[in-house]
Amino acid sequence: MSTVSVVIPCYKYGHFLADCVRSVLDEQEGLDVRVLIIDDASPDDSAQAAHALAAADPRIEVRVHEKNQGHIATYNEGLLEWADGDYVVLLSADDRLVPGALVRAAALLDAHPEAGFCYGRPLRFQHGGPLPKARTRSTGSVVYPGQWWLERRFQEATGCITSPEVVVRTSLQRKVGGYDPALPHAGDIEMWMRLAAHADVGYIQGADQAFYRVHGNNMSTTDFGGQLDDLRQRLVAFDAVLDKCADLLPRADRLSAAVHTRLARFALRRAYRAYDRGRTDVVPVDELVAFAGECLPGYEKLPEYRALRRRQRIGARTMPYLQPLVLSAVADRGREWLWWQSWKRRGI
């Protein structure tokens, strides 16, 4: 029987703990699962909620920090100091697993020792709303060569994983180390890429694997300044992988060129779309252009920069009215639709 160690970091999320833990211990039949809840000095009653759960189930352990150590240190404490199962999961206290998720993941990793971690489709749900209906029957699985999967990330300059849907082989987690404190907002994507540099990547098809709660406290960026910070964090994360795993990446120069070009194009696209949408008063256009220059000398040759200059000549006030007549704006809307459709289908 496979053993799974589940680390649940908690900060002021004690009211979510019972549901989170229930999804781990009561809905994953056939596995030996243990849980560690780490309360990071929550100022509310989260620690008491954790201790109450542990008192009712010997499979649950609790650690409570006297002083707040931050999420990265808390993650690494559980992953590197405590976890000793065959596989390890990092699950935020406000998220939960889909029934059978760990069973499906363990079966894939048991059958494919070359796979260092596996993931599946997460279901997002709005805080305060009902859980969406989850698919619990897998239609199969696939194992991607780690180098191929990693190259896809560099080509697209984005991640394809939320986080709670991932199960990692504990021996590999210890080998590659923990989350990087220098990447407080992009540590996840850097971690998955670092793992993929050392092993292959499994993907569970058909079934959903986790529920990801969307609310105002998520570590995600939705404002326009935050989107620029997101691009910067991604650049640091990809560069960190290139630095840490250089000896494992025979085409590191090619990967570096691909991701720097892609991020420059992302920045310029966000800049020119501000003209299409009449948002130049809130979108940091000049900073986005400067970021493109940091990523890629010669960014002025990119089609996105030419599109931006065209809009700047037309003017911020006039462009929203002329958008239907500008070919690149029409094509952009088509690309957005195709992009979303492809990501829904692929999950990679």
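Rounded to the nearest 0.5 angstrom, E151 CD and W148 CH2 are separated by 9.5 Å. Atoms NE2 and SG, from H71 and C10 in turn, are 14.5 Å apart once rounded to the nearest 0.5 Å. Between M319 atom CE and R273 atom CZ the span is 8.5 Å, to the nearest 0.5 Å. Distance check: L150 CG to R152 CZ gives 12.0 Å after rounding to the nearest 0.5 Å. In this structure, NE2 in H260 is found 6.0 Å from SG in C295, a value given to the nearest 0.5 Å. Separation of atoms OG (S163) and CG (D95) is listed at 7.5 Å; rounding is to 0.5 Å.
Residues forming a ring-ring contact (aromatic ring centres under 6.0 Å, His included) with Y275 (at least two apart in sequence, or on another chain): none. The side-chain hydrogen bond (donor to acceptor under 3.5 Å, both in side chains) search around D208 returns R121, R135, not counting sequence neighbours. The side-chain contact (heavy atoms from CB on, under 4.5 Å) search around C118 returns A105, L108, L109, V167, I204, not counting sequence neighbours. When the ring-ring contact (aromatic ring centres under 6.0 Å, His included) test is applied to F16, the partners found at least two apart in sequence or on another chain are Y13, H127. Here A18 pairs with R22, L53 under the side-chain contact (heavy atoms from CB on, under 4.5 Å) rule; sequence neighbours left out. For H51, the side-chain contact (heavy atoms from CB on, under 4.5 Å) criterion is met by V62, V64, not counting sequence neighbours. Under the ring-ring contact (aromatic ring centres under 6.0 Å, His included) criterion, Y305 pairs with Y299, not counting sequence neighbours. Checked against side-chain contact (heavy atoms from CB on, under 4.5 Å), A240 has the following partners two or more places apart in sequence or in another chain: L183, E190, K244. For the side-chain hydrogen bond (donor to acceptor under 3.5 Å, both in side chains) test, residues two or more places apart in sequence or in another chain that qualify with R234 are D230.
Ring centroid separation for the pair F154 and W149 does not come in under the 6.0 Å cut-off. Aromatic ring centres of F125 and Y212 lie farther apart than the 6.0 Å criterion allows.
Side chains of L228 and L288 form a contact here, defined as non-hydrogen atoms less than 4.5 Å apart. V6 is listed as a side-chain neighbour of V33, based on a closest heavy-atom distance under 4.5 Å. In this structure, L242 and L249 have side chains that are in contact, with non-hydrogen atoms separated by less than 4.5 Å. Side chains of I60 and D57 form a contact here, defined as non-hydrogen atoms less than 4.5 Å apart.
A donor-acceptor pair under 3.5 Å is formed between the side chain of D200 and the backbone N or O of G146. Without hydrogens or angle criteria, S42 side chain to D44 main chain gives no donor-acceptor distance under 3.5 Å. Of the possible polar contacts, one joining the S23 side chain to the C20 backbone as a donor-acceptor pair under 3.5 Å is found. Under a 3.5 Å cut-off, the side chain of R169 and the backbone N or O of A115 do form a donor-acceptor pair. Of the possible polar contacts, one joining the R270 side chain to the Q227 backbone as a donor-acceptor pair under 3.5 Å is found. Proximity of a side-chain donor or acceptor of S256 to a complementary backbone N or O of A252 within less than 3.5 Å is not detected. Judged by distance alone, the side chain of Q233 and the main-chain N or O of A237 form no donor-acceptor pair under 3.5 Å.
As a member of the Ile/Leu/Val/Met/Phe/Trp/Tyr network built from side-chain separations under 4.5 Å, L248 groups with nothing else and remains a singleton.
Within the structure, the side chain to side chain donor-acceptor pair (under 3.5 Å) test picks out the following pairs touching residues 97-113 (sequence neighbours left out): S2-D110, Y87-D110, R104-Q209, H112-E114. Pairs passing the salt bridge (Lys or Arg N to Asp or Glu O under 4.0 Å) check and including a residue from residues 295-307, sequence neighbours excluded, read R265-E304.
Salt-bridge check for K67 with D40: failed, with every basic side-chain N at 4.0 Å or more from each acidic carboxylate O. The pair R311-D276 counts as a salt bridge, with a side-chain nitrogen and a carboxylate oxygen less than 4.0 angstrom apart. Ion pairing between a basic and an acidic side chain is recognised when a charged N comes within 4.0 Å of a carboxylate O; R63 and E77 show such pairing.
Exactly one of T170, D32, D86, D84 qualifies for a side chain to side chain donor-acceptor pair (under 3.5 Å) with T3. That residue is D86.
Residue D253 qualifies as open at atom CG: its count of foreign heavy atoms under 6.0 Å is 12 or below. Counting heavy atoms of neighbouring residues, nucleotides and ligands inside a 6.0 Å radius, atom CG of D281 exceeds 12 of them. Within 6.0 Å of atom CD in E29, 12 or fewer heavy atoms from other residues, nucleotides or ligands are found, so the atom counts as exposed in its surroundings.
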